Amino acid sequence: MNIISKPNIFFTSDFHLFHQNILKLGKGRPFETVDDMHAAIADRHNAVVRPGDIVYNLGDYALKTQWEAAYRFRQRLLGNHYFIIGNHDSVAKAMIQNAPDCFVWARYFETLRLKGYGVPSITICHFALRTWPNSHRGSWQLYGHSHSHLPELDNLLAFDVGVDCWDFTPVSIEQVTRKMKSKMPAWEASRALLTGTERAE
């Protein structure tokens, strides 16, 4: 998909709506109740996303609920949403089947490459990858799933856009660009250490 000339692009992941245990699993979340978490996700989302903006959601949308409740929450969120299925998305799949207007499209395959908007190609996936198409040439990867538990590698042009890493707020394409630029020196240094044969691949 080409995203050139389409302003206001955002990325997010891992809402885990209605999932009571997500409040205490791993590092936990700073909310007393699921309703508090829902309010924060919706309010912070709508504080940056406007009608007509594009939001790429990388999965794990809702658990432990019926699709109707998940759909009602989707109606609270501004923007046109594109969805990559995660590993905890049985509720999202039911929502897609019963209310196909919930997302512009949903993809059941694991990765998708975006091109345009003045940035290198971006591979989006629910999971973190160690390598992806043209990663050795400076393309980027955005992922979710890890809930900030996975140490970020400085020499990979990739990072987690999940809500646990970004104060429960979508990440704009401008923020992505700034962060990737900050990672470029380490990536370039790691490339310089490779042998000529490896660099030619």
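In this text the structure is predicted, and so the values were computed from the model without any measurement.
Through side-chain heavy atoms spaced under 4.5 Å, either directly or across other Ile, Leu, Val, Met, Phe, Trp or Tyr residues, Y143 is tied to L150. By the 4.5 Å side-chain criterion applied to Ile, Leu, Val, Met, Phe, Trp and Tyr, L129 is assigned to a cluster that also includes W132, L153, L156.
Between R29 and the choices D36, D14, D164, D167, the salt bridge (charged side-chain N to carboxylate O under 4.0 Å, His left out) rule is met once, by D164.
With contacts defined as side-chain heavy-atom distances shorter than 4.5 Å, the pair V55/Y82 does not qualify. Put simply, the side chain of W105 reaches to within 4.5 Å of the side chain of L112, judged on heavy atoms.
Heavy atoms only, all atoms of each residue included: K115 and S121 are closest at CG-CB, 4.1 Å. Counting all heavy atoms, side chain and backbone alike, S172 lies closest to Q175 at N-OE1, 2.8 Å. In plain terms, the two heavy atoms of P185 and S182 that are nearest each other are CD-O, 3.6 Å. The minimum heavy-atom distance linking S139 with P120 is given by the pair CA-CB, 4.2 Å. Heavy-atom minimum distance, V49 versus P170: CG2-CG, 4.0 Å. For the pair K27 and S148, the tightest heavy-atom approach, listed with the atom from each and the gap, is NZ-O, 3.0 Å.
No continuous path of hydrophobic side-chain contacts links V163 to V48 [ILVMFWY only; heavy atoms under 4.5 Å]. Side-chain heavy atoms closer than 4.5 Å link hydrophobic residues (I, L, V, M, F, W, Y) into clusters, and following such links, possibly through other members, connects M184 to V119. In the hydrophobic clustering of ILVMFWY residues, with side-chain heavy atoms under 4.5 Å counting as a link, F15 and L63 come out apart. Under the 4.5 Å side-chain heavy-atom criterion for ILVMFWY residues, a single connected hydrophobic cluster contains both I9 and V161. In the hydrophobic cluster analysis, where Ile, Leu, Val, Met, Phe, Trp and Tyr join through side-chain heavy atoms closer than 4.5 angstrom, I54 is grouped together with I173.
The CG atom of D160 sits 12.0 Å away from atom CZ of F127, with the distance rounded to the nearest 0.5 Å. Taken from CG in N155 to CZ in R191, the straight-line distance is 10.5 Å, to the nearest 0.5 Å. Note that the CG atom of L77 and the CG atom of D43 stand 10.0 Å from one another [nearest 0.5 Å]. Expressed to the nearest 0.5 Å, how far CD1 of I84 lies from CG of D89 amounts to 10.5 Å. To the nearest 0.5 Å, the span separating SG on C125 from CZ on R113 amounts to 13.5 Å. Atom CG in L58 sits 8.0 Å away from atom OG1 in T12 (nearest 0.5 Å).
Looking at residues two or more places apart in sequence or on another chain, you find no ring pair (Phe, Tyr, Trp, His ring centres under 6.0 Å) involving W67. With sequence neighbours left out, H38 forms a ring pair (Phe, Tyr, Trp, His ring centres under 6.0 Å) with F18, F73.
Sorted by first and then second residue, the pairs that involve residues 167-191 and meet ring pair (Phe, Tyr, Trp, His ring centres under 6.0 Å), not counting sequence neighbours, are F31-F168.
Other residues, nucleotides and ligands place more than 12 heavy atoms under 6.0 Å from the NZ atom of K183. At most 12 heavy atoms of other shown residues, nucleotides or ligands fall within 6.0 angstrom of atom CD in E32. More than 12 heavy atoms of other residues, nucleotides or ligands shown are found within 6.0 angstrom of CD on E152.
When atom types are taken as modelled, the side chain of H126 and the backbone of G144 share no donor-acceptor pair closer than 3.5 angstrom. Between the side chain of R74 and the backbone N or O of C102, at least one donor-acceptor pair lies under 3.5 Å. No donor-acceptor distance shorter than 3.5 angstrom exists from the side chain of R44 to the backbone of A47, with no hydrogens or angles considered. Distance alone, capped at 3.5 Å, places no donor-acceptor pair between the T65 side chain and the V91 backbone. A donor-acceptor pair under 3.5 Å links the side-chain atoms of D60 to the main chain of N87, judged by distance alone.
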N/O donor-acceptor pairs under 3.5 Å from side chains in residues 92-101, not counting sequence neighbours:
unit_1 : atom_1 : unit_2 : atom_2 : d
N98    : ND2    : A94    : O      : 2.8
D101   : OD1    : Y71    : OH     : 3.2
D101   : OD2    : Y71    : OH     : 2.8

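H19 has its ring centre no less than 6.0 Å from the ring centre of H88.
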Q: Apply side chain to side chain contact (heavy atoms under 4.5 Å, CB included) to the pair I22 and H147, showing each step before the final yes or no.
A: CA-CA 10 Å; I22 198 65; H147 297 272; 3.9 Å; yes
Q: Applying side chain to side chain contact (heavy atoms under 4.5 Å, CB included), run through L142 and Y56 and close with a yes or a no.
A: CA-CA 10 Å; L142 303 176; Y56 291 98; over 6 Å; no
Q: Evaluate the side chain to side chain contact (heavy atoms under 4.5 Å, CB included) criterion for residues W166 and F11: first the C-alpha distance (whole Å), next the side-chain angles of each, then the deciding distance (0.1 Å), finally the verdict.
A: CA-CA 10 Å; W166 291 88; F11 302 88; over 6 Å; no
